[in-house]
Every structure is written in structure tokens, then in C-alpha cells.
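In what follows, a structure is listed as C-alpha cells, so that the remarks can point back to it.
The figures here come from the full heavy-atom set of this structure, side chains too, leaving out hydrogens, waters and symmetry mates. Remember, it's a predicted structure, so these values are computed and weren't measured experimentally.
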Amino acid sequence: MLHQKRYLLIVVCCLLSCLSLSAQSHASANQYAKWIDKPLSQLLEMGGDFRQRDSMQQAQMCYNIVAERGYASKSREERLQGVDACMCLWSIYFYTYYDYPRCFDYLNKAREMMEDLQVQEARVWLGLACMYQTISEECHSSELGEKSLEYYIKAMNAAILSHDDDNTDKAATNVVSMASIQKGLAPIAGEWHKYEQLPEGKPVRVLRRYNKLLYKAYQHLERQQYEQTVAIFDQQLSFIDEHEYPRLVYFTIVEKAKVYIKQSDYAEAIDVLHRAEQIADSLHMKDCMLEVYGLLAKCHQLSDHLPEYECYRERSRALEDTLTTYRQMTSINESEFQNEMKQIEREMNEMQQHRQRLLMMTTVIGVFALVVAVFLFILFRQNAKLRHSNRQLYLKNVAMLRAEEACRREQNKYAGSNLMDDDKQQLLKRIENVIETSDEIYSPDFSVERLAVLTDSKYKYVSQVINEYYDQNFNNFINQYRIKEACKRIDNHGQYANMTIEAIANSVGFRSRSAFFTSFKRITGLTPSEYLRQSHALNPD
């Protein structure tokens, strides 16, 4: 009946705890959504603060975000931060929840990230070694104990290579203790020699001094020199600070008690174990309490104190039941919590993907806008060059017209000259005189025959002189003068301002608009419209 009430009380307490944690998990889920985008370094600091305040679920959230983001990241710094978070989560699940499968998950994730970065960190090997040691002790498996020793040796060597003194000493402590449990100190002689050669430091490192004494203690123990072994344990306890190294003090006391048991000095063993019980109880180290209860039960059984034996055996069973129930309840709650976190992560991932799609669309639009802007800029530059080229052609034609005007004035000075020229020269002068003085050339009906009449010559002679002296036929010759006149009329913004280009073309003798445009472009290099635009631009008045 007493047992049933006790079990019922345990179950009720765990259920109440589970309900409380479930309510907290909903509040935590909102925090998770707020924290997911924070810098990883800030989340690691927050996790440490929460852990110091025993707010384990908030600490888990911080570390979980860092672990997941670090695992998915390509950044070396963020992946190293992910390793830090995985190790913190391993510690929480190991020392708080006793959830060994989850511990292995985070240790393996940390190891995977380390291998990807080609980094050897002793703390990951220490974590794996500790896991195998714990399971080997619970299952009484020497095979798992040997695996634990292998990982402790790996951790010590990695720490030595990276000059990590703290983890070197932690690993060495466990290498010595696990070796003594498995096959003795002989197999680790080479590893111990490497450790023993390390400098002790100034001031002397406490753990290094402790480890060297521990190795000597186990040497005495292997030789069954129990008094010397106990003396060394007492020497260790004299300088180890219980507040700084509570588990180490506990371990030393328990090892001392085991020596007393070997000596069949059960009274001393029980006395020493009570001190270990106090340390384990004050620090809520349930795994240590379980070990102490087992040793106390054994001591009382061997010393024929049956009531005390029954008492500690019952305590041990009750604690085992409590731990089992606690693990089950925390496992259920943790599973619910993790499911909520995964749901939030999925939502956050969807939001992140949506942001990435928006960013991609914005980038595409930006690139398109940039291409358009570059195209417009190139077009503007080309148009500017074209305008400049047209302006230069216009100025060239204006200069040509002015030069011809000046030349004509110069020729007029010699109009009355009595110089004798041959017939061709005389005919050429008569042709030029008609062209320059007669407006009849701007008539659409003006022809080479009419020019021959006006020059009192035959049309074939007129055509011959034009071809020989101007290297062109009659039509091109006349069109050249007509185009020059058209240019003058376009530039005249007064008299011809209201006339269209077609009207000006007709006024200088062109029947066809296409013929006028072709001749104008050939002679000036510009279309009539471009010439008109340049004229207005450079001669606005």
C-alpha cells in the first residue's frame, strides 16, 4: 500500500510538471519566433544566461536555433557556433533530462560539423566518451567501457594538439579512471607518458597535479597497497576545492570508499559514502545518488546490517523509478515541445522562402531597370553623337555656300576682263553666268536644251562642257544649284518661314519629293528635316 501511494504521488507530480511545462512551451513558441532571426552570438549569450537561472527550456530554444542555423550555414564562424550550441544542448539533455538518445543526436551533429570544418575538438570526444561510460555503467558492459576509454584517449590527444589545457586535464582524469576499471594502467602507458611530459604550469594546474596523484593511487591499488592508495586520495582531497570541482570531490570520496570495501572496512566506507551522499544531494546529482545508495546498500549487506540494507535498496529502487518516470515525462513534454518548434521552423522557412522570392523578383526588376537605363543612356549618347555629326555637316554646307558666295564676288571683279580663252572656257563662263543670274534654272521645265539656247550654243556642247569641267551630268549639275538654293531658303527664317519642305522643293524645281530628298541627302549629308532642325537650333532668330 505504501509503495502504491508513493508511485501514485510520483505520477501525479510528474503529470502536474508536464502540464506546467506544456503551458510554458506555448509561451516559449512565441519567444522562439521572435528569437529566430537574432545573431547567433547573441543567442549563445542568452542561452548561457537562461541556463544560469535554471530556465532550461528558454536555454534550449536559444541553443536549438543556433544549432540548426549553424548546421545549415556555409559560414565557418556560424558552423563553429553551431558546434558550441550542440555541446550545450548535449550537456542539458545529459545532466538535466537524462535523455541519452537526444544526447547522441547533438554529439553526432557536432561531430559532423567538426569533420566538415576539418577541426578536432576535444569536447566532442569527451561528450561521446562520457555517454558511453554512463551507459556502460548502467548496463555493466565492459565493451562499451572500452569504447568510452577510446574516446577519452582521442579527447586527450586532440586537446594536447590544440594546447587546450582544461580539456587535456579533464580527459586525462577519465583516461586513468576508465583504464583502471577496464584492463589496468598498462595499456595506457604510452598515452600517460605523453601527458606526464606536459609542463605543470605556473602556478601548478590543480587538475594536472590531481591526475598525477590519481595515476599513482591506481598503481598502488593494482598492487593491493590499499593504505598508500587511501593516503593519496586524502592528499587529493586536501587541495581540491569542493565548490569548484564538486563532481571530482565526489568521485575521489567514492573511490576512497571502494578501497575501504576492498579492505572489508565497511564502517569507514559507510562514513565516507555519507559525505558523498551529502555532496550528491546538495547538487541534485541523481545519477550520483543512485550510485551512493547502491554502495551503501552493499556495505550494509556485507556488514549484516539488514534493516539499513533494505532501506538503501528501497531508496535505490525508488530513485530508479523516479528517474524512469521523470525521463518518460520529460521525453513526452520534450517531444511536444520539439514538434511545436519544428512547426514554427517550417513557418519561418516558408516566410524565409517568400522573402527570398521577393528578393529575387526585386533583383530581377532591378537588373531589368538597370539594363533599360544603360540602353537609354547608350541611345542618348548615340543620338547626341548623331546630332553633333549633323550639326557639323550643316556647318560644313553653310561654310561651303559662304565660300562660293565669296568666290563669286571675287570672279565678278574680273567679269570685264579681255582675256582670250578657248571656246570651252567661253561656253563655261556663259553657262555659269546663266546658272548664277537666271531664276529660270529653278523651273521644273528647265533642261539642257534651254540652257543651250540661253548660252547660244548647241545642247551637246553644253552637256560636254558640264561633263568635262564638273564631272557630272546635267541633272546632277542643276540639282546641285537647286539644293544650294533650297538650303538658303530653309535658312531664311523670314521670307520662307511659312513654307513647308515640299513647297521649298517645288520652288527650286523638284517635281518629286523623293528626288528632292535623295539629292539633298547626297549633296548635304543631311535629310531636309535634319537640316531644318539644325538651322533652327543654331539660328533661332
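At least one donor-acceptor pair under 3.5 Å links the side chain of N108 to the backbone N or O of F104. N174 places a side-chain N or O within 3.5 Å of a backbone atom of K170 that can act as its donor or acceptor partner. S177 places a side-chain N or O within 3.5 Å of a backbone atom of T173 that can act as its donor or acceptor partner. Not one N or O on the side chain of S142 forms a donor-acceptor pair closer than 3.5 Å with the backbone of G145. Using a distance-only test at 3.5 Å, with no hydrogens or angles considered, no donor-acceptor pair links the side chain of S73 to the main chain of E78. In this structure, D281 contributes its side chain and M289 its backbone to no donor-acceptor pair below 3.5 Å. A side-chain donor-acceptor contact under 3.5 Å links S238 to the backbone of Q235.
Taking the side chain as every heavy atom from C-beta outward, L248 and L207 approach each other to under 4.5 Å. When side chains are defined from C-beta on, Y63 counts as touching I92, because their heavy atoms get closer than 4.5 Å. Annotation: side chain of L126 is not in contact with side chain of M156 (no heavy-atom distance under 4.5 Å). No side-chain heavy atom of I240 sits under 4.5 Å from any side-chain heavy atom of T252. Annotation: side chain of L44 is not in contact with side chain of C62 (no heavy-atom distance under 4.5 Å). In this structure the side chain of L221 never reaches within 4.5 angstrom of the side chain of Q228, judged on heavy atoms. A 4.5 Å side-chain heavy-atom check between M61 and Q58 finds at least one atom pair inside the cut-off. M113 places none of its side-chain heavy atoms less than 4.5 Å from the side chain of V119.
For the pair E112 and R79, the salt-bridge criterion is not met [side-chain N within less than 4.0 Å of a carboxylate O]. Under 4.0 Å is where a charged nitrogen must lie from a carboxylate oxygen, and between E310 and R313 at least one such pair does. Under a 4.0 Å N-O distance rule, the pair R123/D84 qualifies as a salt bridge.
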When you look at T168 and L198, which way does the side-chain contact (heavy atoms from CB on, under 4.5 Å) test go after all the steps? CA-CA 10 Å; T168 297; L198 297 175; 3.7 Å; yes
Would V83 and R111 satisfy side-chain contact (heavy atoms from CB on, under 4.5 Å), going step by step from the backbone distance to the final call? CA-CA 8 Å; V83 172; R111 180 166 61 173; over 6 Å; no
Derivation of the salt bridge (Lys or Arg N to Asp or Glu O under 4.0 Å) call for E277 and R315: CA-CA 12 Å; E277 181 183 10; R315 286 187 186 183; 3.5 Å; yes
CA sep, side-chain torsions, deciding dist, call: F50, Q60, side-chain contact (heavy atoms from CB on, under 4.5 Å): CA-CA 9 Å; F50 284 125; Q60 282 176 262; over 6 Å; no
When you look at W125 and L107, which way does the side-chain contact (heavy atoms from CB on, under 4.5 Å) test go after all the steps? CA-CA 9 Å; W125 305 126; L107 285 171; over 6 Å; no
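The minimum heavy-atom distance linking L40 with G70 is given by the pair CD1-N, 4.5 Å. The shortest heavy-atom contact between L295 and V254 is CD1-CG1, 3.7 Å. Nearest heavy-atom pair across V230 and V259 is CG2-CG1, 3.6 Å. Of all the heavy atoms in M56 and T96, the pair that sits closest is CE-OG1, 4.1 Å. L290 and S316 make their closest contact through CD1-O, 3.4 Å (heavy atoms, listed as atom of the first residue, atom of the second, distance). In terms of heavy atoms, A122 sits closest to A155 at CB-O, 3.3 Å.
Residue pairs meeting the salt bridge (Lys or Arg N to Asp or Glu O under 4.0 Å) criterion with at least one partner in residues 186-195, sequence neighbours excluded, are E191-K194. The salt bridge (Lys or Arg N to Asp or Glu O under 4.0 Å) contacts involving residues 228-249 comprise D234-K256, E242-R275, R247-D287, where partners must be two or more places apart or lie in separate chains. Evaluation of the ring-ring contact (aromatic ring centres under 6.0 Å, His included) test over residues 202-238, restricted to residues two or more places apart or in two chains, returns W192-Y215. Within the structure, salt bridge (Lys or Arg N to Asp or Glu O under 4.0 Å) contacts touching residues 41-62 (residues at least two apart or in different chains) do not occur. For residues 154-168, every residue pair satisfying the salt bridge (Lys or Arg N to Asp or Glu O under 4.0 Å) rule, not counting sequence neighbours, is listed here: D165-R208, D166-R205. Annotation: ring-ring contact (aromatic ring centres under 6.0 Å, His included) contacts involving residues 254-287, sequence neighbours excluded, are absent.
Judged purely by distance below 3.5 Å, without hydrogens or angles, the side chains of Y250 and E255 never pair a donor atom with an acceptor atom. In summary, the side chains of D105 and Y93 do not present any donor paired with an acceptor at a separation below 3.5 Å, with no hydrogens or angles considered.
Taking the side chain to side chain contact (heavy atoms under 4.5 Å, CB included) definition, one finds that A67 meets it with A85, C86, L89, sequence neighbours left out. Every residue meeting the side chain to side chain contact (heavy atoms under 4.5 Å, CB included) condition with E77, not counting sequence neighbours, appears here in chain and number order: S75, Q81. Partners of S303 according to the side-chain hydrogen bond (donor to acceptor under 3.5 Å, both in side chains) rule, which considers only residues two or more places apart in sequence or in another chain, are H305. For K38, there are no salt bridge (Lys or Arg N to Asp or Glu O under 4.0 Å) partners at least two apart in sequence or on another chain.
Y106 contributes atom OH, which lies 14.5 Å from atom CH2 of W90 (distance to the nearest 0.5 angstrom). With rounding to the nearest 0.5 angstrom, the OG1 atom of T229 is 8.0 Å from the CD atom of Q263. One distance of note links CZ of F251 with CD of Q236; it measures 8.0 Å at 0.5 Å rounding. Here the CG-CD distance, from L128 to E150, works out to 12.0 Å after rounding to the nearest 0.5 Å. Here N64 contributes atom CG and C88 contributes atom SG; the two are 12.5 Å apart, rounded to the nearest 0.5 Å. Going from atom OH of Y312 over to atom CD1 of I270 covers 8.0 Å, rounded to the nearest 0.5 Å.
In the displayed structure, E143 atom CD is contacted under 6.0 Å by at most 12 heavy atoms of other residues, nucleotides or ligands. Within a 6.0 Å sphere centred on NZ of K298, other residues, nucleotides and ligands contribute 12 heavy atoms or fewer. Residue-environment remark: NZ (K216) stays at or below the threshold of 12 foreign heavy atoms within 6.0 Å. The number of heavy atoms from other shown groups lying within 6.0 Å of CD (E227) does not exceed 12.
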Extract all donor-acceptor atom pairs below 3.5 Å that involve side chains of residues 130-137 and protein atoms in other chains or at least two apart in sequence.
from	atom 1	to	atom 2	distance (Å)
Q133	OE1	Y152	OH	2.5
Q133	NE2	E137	OE2	3.3
T134	OG1	C130	O	2.9
S136	OG	Y132	O	3.2
S136	OG	Q133	O	2.6

Show me the donor-acceptor pairs within less than 3.5 Å that the side chains of residues 369-376 make with the rest of the protein, sequence neighbours left out.
none

